[in-house]
Amino acid sequence: MVSAPRSVTILGATGSVGASTVDLIKRNPDRFRVEAVASGSNVTALAQVARDTHARIAVIADPDCYNALKEALAGSGIEAAAGEQALIEAAQHPADWVMAAISGAVGLKPTMAAIERGATVALANKECLVCAGALFMRAAAQFNATVLPVDSEHNALFQALGAGRREDVLRVIITASGGPFRTWTLDAIRQATPEQALKHPNWSMGPKITIDSATLMNKGLEVIEAHHLFALKPSEIDVLVHPQSAVHGLVEFRDGSVVAQLGPPDMRVPIAHCLAWPERIDGPAPRLDLAKLGSLTFEEPDTVRFPALRLAREAMIKGGAAPTVLNAADEIAVAAFIAGRIPFLAIATLVEKTLEAADARGLLTDPASIDAALAVDHIARSLAKDLSGALAQ
Ligand code: NDP
Ligand code: MG
């Protein structure tokens, strides 16, 4: 039986995840019809994606870009819109499936808008779960929305969890490549430049998440993601460093069986899984060749050289708004590092100092709404900015 084309909306269409999503859609024109595409401020790239995918509407978050977008879409018949409200409306458009791939906390409101209309949401934006995970998962249950994890490790867990009953799961393991500094000494890491940190050994991703992979903060954020997505206790989530990035996630069941998902390190694999779910489509990524890889190795993560992983775990255990503050401080710290204002190891130090300052101000209570979470995010950013001066290089 041939099913009707699935209507899809792509939030963050011009980014790394967005481009992989568009690539898959273009290879499967009969299966998908694009409703809306949205981005932040890159007019040229958005107009190109909108034309390539024959989208009905293109939305740019920056209101000053409206005229330029309208001009770039002239003659295409594609509707142009701009501004934060238009972004939320794009998520509310009646598409069956929404890719939530805006980077950062700005993705919270549009993603929640898609969840509140009961859509199937492919969730790439990990900040939704880190900043307000309890609120998102509660809303998904309340509005009958389906949340499909795009992040490769969580997508792996989602697939492996299908092998048994939830109550028979003992623990899950997510893998980390270890990033470009896995084998570096602490002294060498201290001198690491943005250029070195932006060179990920296996994955091609946006700049923020690439730096987070070098500090292992990305893995810390992913532990928090797993905690909310699959209602796992902190003690049920482990991390293993696996430099080959072939095994993405493992689930250990009570009988001793460990079920893993493997695949090449290409985001089009988990994105394809989400796009077609519960069916499958052909994946264009180079196939996993285990004989060519030869060996798969695993090691414990080192939280002395990579303290961000410890900080994220502590924030998860503390709960409330601690992960929200962790995430906000990390965004500021990563931006300061990329701009050459603070050294690499100061990223984790700044996050830790911001958490302490926020705790001292009584800011770590559980946010009761997305607006409350965004308010904490806002204060944490300004705290982090204030504290970053003392860490300047
Ligand atoms: P990129 O930086 O490559 O892309 C970010 C996207 O968000 C762009 O389309 C950008 O638009 C858009 N954007 C930025 N600011 C705004 C705004 N204010 N309003 C609306 N849109 C905005 O990021 P990635 O694709 O790497 O990551 C996206 C999300 O997915 C992140 O949360 C990341 O953690 C997560 N993720 C990414 C993975 C990866 O492999 N890349 C893996 C797992 C998770 P513009 O181009 O106009 O600036
Ligand atoms: Mg990941």
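Ligands are counted one by one from 1 in listed order, and the atoms in each one are counted from 1 as well.
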Other ILVMFWY residues reachable from Leu296 by side-chain steps of under 4.5 Å: Ile173, Leu240, Val247, Leu250, Val258, Leu262, Leu288, Leu290, Leu293, Phe298
Side-chain donor-acceptor pair present, Glu352, Thr349, cut-off under 3.5 Å: no
Any side-chain donor near an acceptor of the partner, Glu153 and His248, under 3.5 Å: no
Enumerate the pairs of nitrogen or oxygen atoms, one from ligand 1 and one from the protein, separated by less than 3.5 angstrom; state names and distance to 0.1 Å.
unit_1   : atom_1 : unit_2 : atom_2 : d
ligand 1 : 3 (O)  : Ser16  : N      : 2.9
ligand 1 : 7 (O)  : Ser103 : N      : 3.3
ligand 1 : 9 (O)  : Gly12  : O      : 3.3
ligand 1 : 9 (O)  : Thr14  : N      : 3.3
ligand 1 : 9 (O)  : Thr14  : OG1    : 2.7
ligand 1 : 9 (O)  : Gly15  : N      : 3.1
ligand 1 : 11 (O) : Thr14  : OG1    : 3.1
ligand 1 : 11 (O) : Gly40  : N      : 2.9
ligand 1 : 21 (N) : Gly40  : N      : 3.3
ligand 1 : 25 (O) : Ser16  : N      : 3.1
ligand 1 : 25 (O) : Val17  : N      : 2.9
ligand 1 : 26 (O) : Gly206 : N      : 3.0
ligand 1 : 30 (O) : Ala124 : O      : 3.4
ligand 1 : 32 (O) : Glu127 : OE1    : 2.8
ligand 1 : 41 (N) : Ser16  : OG     : 3.4
ligand 1 : 46 (O) : Thr14  : OG1    : 2.6
ligand 1 : 47 (O) : Ser39  : OG     : 3.2
ligand 1 : 47 (O) : Gly40  : N      : 2.9
ligand 1 : 47 (O) : Ser41  : N      : 2.8
ligand 1 : 47 (O) : Asn42  : N      : 2.8

Within less than 2.8 Å of the Mg ion (ligand 2): protein N, O or S atom count: 3
Euclidean distance, Arg51 CZ relative to Thr53 OG1, rounded to 0.5 Å: 11.5 Å
Asn218 versus Glu222, side-chain donor and acceptor atoms under 3.5 Å: yes
Ion pair Arg254/Glu167, N-O distance below 4.0 Å: no
Residue pairs, two or more places apart or on separate chains, that pass ring-ring contact (aromatic ring centres under 6.0 Å, His included) and touch residues 310-345: Phe181-Phe344, Phe337-Phe344
CG (Asn144) with more than 12 external heavy atoms under 6.0 Å: no
Donor on one side chain, acceptor on other, Gln244 and His242, under 3.5 Å: yes
